[in-house]
Undergrad: 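Quick one: structure below, then a few questions.
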Amino acid sequence: MAWDEWEQAKAASPASGSTQTRLNQLASSGSGGTDLTVYDDVLGKLGDMARSLHGQLATDGDHARVATFEASNDLFNSGLDMGAGLLEVHDAWNTKLRTLREACGHISNHLDHSRSTHGAEEKKIVLGMQDAGGKTMTVSRIYDQFK
């Protein structure tokens with residue numbers, strides 16, 4: 001991004017009214033809505049998809065590994081340089097496959113962790129907020145304070 005593009009973006013930002021502050025769990029009062037909303041069921045589905053892809057890669061991504069390795073050895077033992085090249089392809093495929101499987105595992109685990117952590121933190125925030133008198137501050141009581 002060039003400097004003048006950055007200046008134009010900065011100048012346009014306040015005019016668009018895109019910056020809003022709102023309390024968690026309250027409906028947005030502005031027309032812009034929210035920029036990030038997390039739904040527990042959506043995170044769960046995404047985590048399940050990542051877990052499923054991890055399993056599919058473990059089986060479907062490995063079909064040709066043994067045949068490719070044997071073919072590379074046969075070609076190499078027959079004196080063909082193509083055998084060494086095929087072995088490099090075999091090794092590169094296995095490295096990329098392991099990396100992709102690991103990434104899917106991390107995504108799945110991270111989404112599961114995010115769901116449980118968000119739920120626990122939300123409960124702690126809701127139950128832990130108290131006013132000066134020690135009375136629990138519910139979302140509606142907090143909202144009343146801002147009226």
Side-chain angles (χ1 to χ4, degrees), residues 1-130 136-143 145-146:
M1 175 180 280
W3 183 258
D4 33 326
E5 288 177 306
W6 170 248
E7 290 299 324
Q8 290 172 0
K10 285 190 335 185
S13 179
S16 69
S18 62
T19 304
Q20 295 181 1
T21 302
R22 73 177 189 90
L23 292 173
N24 191 19
Q25 296 182 349
L26 288 178
S28 174
S29 61
S31 61
T34 60
D35 62 350
L36 176 63
T37 304
V38 177
Y39 297 103
D40 192 51
D41 58 335
V42 174
L43 289 180
K45 288 177 186 175
L46 290 172
D48 290 344
M49 289 169 59
R51 191 175 304 107
S52 174
L53 182 56
H54 181 272
Q56 287 176 326
L57 287 170
T59 56
D60 296 339
D62 204 33
H63 284 307
R65 183 182 53 79
V66 174
T68 304
F69 184 73
E70 289 174 354
S72 69
N73 277 339
D74 290 344
L75 290 168
F76 185 77
N77 290 337
S78 297
L80 297 171
D81 291 337
M82 191 186 325
L86 188 57
L87 184 60
E88 286 183 36
V89 170
H90 167 271
D91 293 345
W93 174 261
N94 286 330
T95 299
K96 299 296 182 192
L97 181 62
R98 282 193 306 269
T99 303
L100 184 57
R101 284 186 60 214
E102 189 170 319
C104 288
H106 282 296
I107 290 168
S108 176
N109 290 342
H110 178 72
L111 290 173
D112 288 344
H113 175 73
S114 294
R115 287 175 66 199
S116 64
T117 301
H118 177 73
E121 288 297 313
E122 186 71 15
K123 184 181 276 187
K124 188 168 97 176
I125 290 169
V126 169
L127 297 177
M129 292 181 66
Q130 298 177 350
T136 301
M137 294 292 290
T138 62
V139 174
S140 60
R141 289 194 62 225
I142 294 169
Y143 179 71
Q145 297 294 318
F146 287 105

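Only this structure's heavy atoms are used, side chains among them; waters, hydrogens and symmetry mates stay out.
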Undergrad: Just grab all the side-chain hydrogen bond (donor to acceptor under 3.5 Å, both in side chains) pairs involving residues 65-79, residues at least two apart or on different chains.
TA: D62-R65
Undergrad: As an exercise, state the distance from OG1 of T59 to NE2 of H54, rounded to the nearest 0.5 Å.
TA: 11.0 Å
Undergrad: Specify the closest pair of heavy atoms between C104 and L53, including all atoms of both residues, with the distance to one decimal.
TA: SG-CD2, 3.5 Å
Undergrad: Could you give the distance from CE (M49) to CD (Q56), rounded to the nearest 0.5 Å?
TA: 10.0 Å
Undergrad: Identify the two heavy atoms, one from S108 and one from G47, that lie closest to each other, and give their separation to 0.1 Å.
TA: OG-O, 3.4 Å
Undergrad: State, to 0.1 Å, how close A71 and L86 come at their nearest heavy-atom pair, and which atoms those are.
TA: CB-CD2, 3.8 Å
Undergrad: I'd like to check the ring-ring contact (aromatic ring centres under 6.0 Å, His included) partners of F76; sequence neighbours left out, ordered by chain and number.
TA: none
Undergrad: Kindly give the heavy-atom pair with the smallest separation between A50 and I107, and that separation in Å.
TA: CB-CG2, 3.9 Å
Undergrad: Determine which pairs satisfy salt bridge (Lys or Arg N to Asp or Glu O under 4.0 Å) with at least one residue from residues 80-104, sequence neighbours left out, and list them in order.
TA: none
Undergrad: Give, for atom CG of L46 and atom NE2 of H110, the distance between the pair rounded to the nearest 0.5 Å.
TA: 11.5 Å
Undergrad: Please test H90 against L87 for side-chain contact (heavy atoms from CB on, under 4.5 Å), starting from the C-alpha separation and ending with a verdict.
TA: CA-CA 5 Å; H90 167 271; L87 184 60; 4.1 Å; yes
Undergrad: For the atom pair CG (D41) and CG (D48), what is the distance rounded to the nearest 0.5 Å?
TA: 11.0 Å
Undergrad: In Å, rounded to the nearest 0.5 Å, how long is the span from CG of L100 to CG of L57?
TA: 5.0 Å
